[in-house]
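Have a look at the structure below before the remarks.
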Amino acid sequence: MAEAVATREAERWGWEYRGREVVVVEQHDPPVPAVPPPSALAALESKRATAERLRPVLVWVAAGAAVATVVVAVVVQPLLALIPALVALGVVWLCWGRPELLRRATVKEHQLWLAACVSTMAGFEQDVQAWQEDLSERERTRSLEVDAVRPWVPVGPVTKERVDLYGGTAAGWRAALLAMGTSLMSAGGRLVVLDLTQDAVVEPLRQLAEEHGAPIRASVVPEHSVNPLAELSADEVGVVVAEGLRAAEPEQSESRGVDATLVQQVAECLKDAPVTFKRLHLALQVLLRQVTPDQRGLLTRSEYATLTDLLSESARRSAEARLFRLAAGVQRLAAVTGDAAMDGWDGEEVSLRVFELSHRESELTASLLRHLLFQITMVRIQRGELSGRGERIVVIAGADAFARPELERFDSICRRNGLRLVLLFAHLRDSAVEVLGGGDAVLFMRLGNAKEAEQAATFIGRQHRLVASQFTYSHGTNTSVSTSDSTTRGNSASTSESSGVQTSDSRQATFGLLFSRRHRSGSKTSGEQYSESTTGGTSWSESTSTSASSGTTESTSVGYQRTYEYAMEPTVLQGLSPTAFVMVDPLDPASPRLGDCDPRLGAL
């Protein structure tokens, strides 16, 4: 394991998924073809157009000049006729010669301009190809940079004091300790791990440290038959034994100070050899008058005599019940401990100290050993044995067994001695609920119990949201049909009469040429007419009309309400994978974070 100066940034508790970055390359403006302007060609074309426009006028001028040449040559003098003749020739050149020259110059200039355009386009194609190659190269370089960035980035708490972890399984704790421990040890940190779970959760970290040649000290209690009381003073032995037995039997209401004093006085009597649980048990039996001088075993004669005179008969009788309880607890501890010194506390060069509780012990003995190791670790910290260079971290896996006052006292001792404390709770209940939030950063792994998941979600926090509280949908259809019938009947009759009288009279007079005389002739007619007509009729009509109409109406309305809901639902905490965790850190602006401590993610 590499030795380096401990840096806060090197800490890693897992990995957070950030995703793959989209490859976006800033594109420069593509090259633009610089086509040469046809300014000279435009000027020539303008001149030629002007000459063409003036040609009709110049034709008439040329014709006039030719006529003037003839007139002057015939009438005036032939020599003077040269003047209008020259004018005529000049005008004729302006009419046809100059436009032809301008046309040829325009054609030539146009060919030169086309040649310049072809040359310019060839250079433009080279510029475009170079621009595309540069863009492809920058995209390839950016793609390599993006591929080099891993989608899973290390994540850890911003605050560097106490960290509490709640929930999870043994497999999840192994992954979390492996990720956290390797990063801290690589940064030069020193770890002390109390594995009180009987699940060997620190085993992967220990094996990896051994593979990298890191200096470690590991003790499996009680398989290694060590003496936890080695190198402790009598006062410390009294505190450790009294506190350990009292915490393992919380129903006992006796004063722990009296128990500590009794054990201390007994330990002070054992001066001839180191204090062990076996010798301590024999000493308590001497006080109870259960051991004769011939049965003193590991005790010397002087120690036996001192113990016999330690308490008066009345004091012994008053403390007899207390001594019986202490002797019973010490006897159970004496059966699983030995005389060898508890290795792992000495040596500043040690990177990892592991004190692991064996899985072979019964729950009663395991409970005594848990509290014993907890108290011994606290005493060792108070004595300054874990101080030194580099960052020091104490990890307690299985902190559920300890009450809130004990955990808070342990935390305060670690803070005073400059040590970081990491507490791992299997459940969020009892004392774990009472100390929730007492540290700095908090990690939640899978919490299968609904009540525990709800408490964790409450701690993570709530936030205001606008949610749809009411949804209304209405649909209506109306149809109407109307029918009308009408019938019309009618009768009509008419009568007309006409009558009249007609009279006509005509007269005619005739006169002759010779014997003129008047002769009259005529006719008279009269007549009378009468007519009568009668008409009648009957009419009948019938009509039927029908009309129908239909319509449909639909309406939708949504009502929103401001609610105060969990920032993370309890079901999310219940459904986490074994190695996933939710990290809550008051100093992290992105908190809460969702991470994963699976070791395989470090290679992605």
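F444 and F459 have perpendicular rings, their planes meeting at more than 60° on a 0 to 90° scale where under 30° would count as parallel.
Partners of D596 by side chain to side chain contact (heavy atoms under 4.5 Å, CB included), not counting sequence neighbours, listed by chain and number: W152, S577, T579, A580, D598, L601. Under the rule for a ring-ring contact (aromatic ring centres under 6.0 Å, His included), the partners of F410 that lie at least two apart in sequence or sit in another chain are F374. Checked against side chain to side chain donor-acceptor pair (under 3.5 Å), D588 has the following partners two or more places apart in sequence or in another chain: R593. Applying the side chain to side chain donor-acceptor pair (under 3.5 Å) rule to Q285 yields no partners; only residues at least two apart in sequence or on another chain are considered.
Ion pairing between R162 and D411 holds under the 4.0 Å rule for side-chain N and carboxylate O. By the 4.0 Å N-to-carboxylate-O rule, R206 lies too far from E356 to be salt-bridged with it. Salt-bridge check for R420 with E161: failed, with every basic side-chain N at 4.0 Å or more from each acidic carboxylate O.
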When the side chains of residues 430-439 are checked against the rest of the protein, which donor-acceptor pairs come out under 3.5 Å, sequence neighbours left out?
unit_1, atom_1, unit_2, atom_2, d
S431, OG, F402, O, 2.8
E434, OE1, R404, NE, 3.3

Salt bridge (Lys or Arg N to Asp or Glu O under 4.0 Å) assessment of R190 paired with E391:
CA-CA 6 Å; R190 303 285 189 264; E391 187 176 16; over 6 Å; no
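For the residue pair Q207 / E211, no side-chain donor-acceptor distance below 3.5 Å is found, with atom types taken as modelled. With no hydrogens or angles considered, no side-chain donor-acceptor pair links R370 and Q375 at under 3.5 Å. Using modelled atom types and a 3.5 Å distance limit, the side chains of T182 and R12 yield a donor-acceptor pair. Side-chain contact annotation: D195 with T197, donor-acceptor N/O pair under 3.5 Å present.
Note on residues 286-324: no pairs pass ring-ring contact (aromatic ring centres under 6.0 Å, His included), not counting sequence neighbours.
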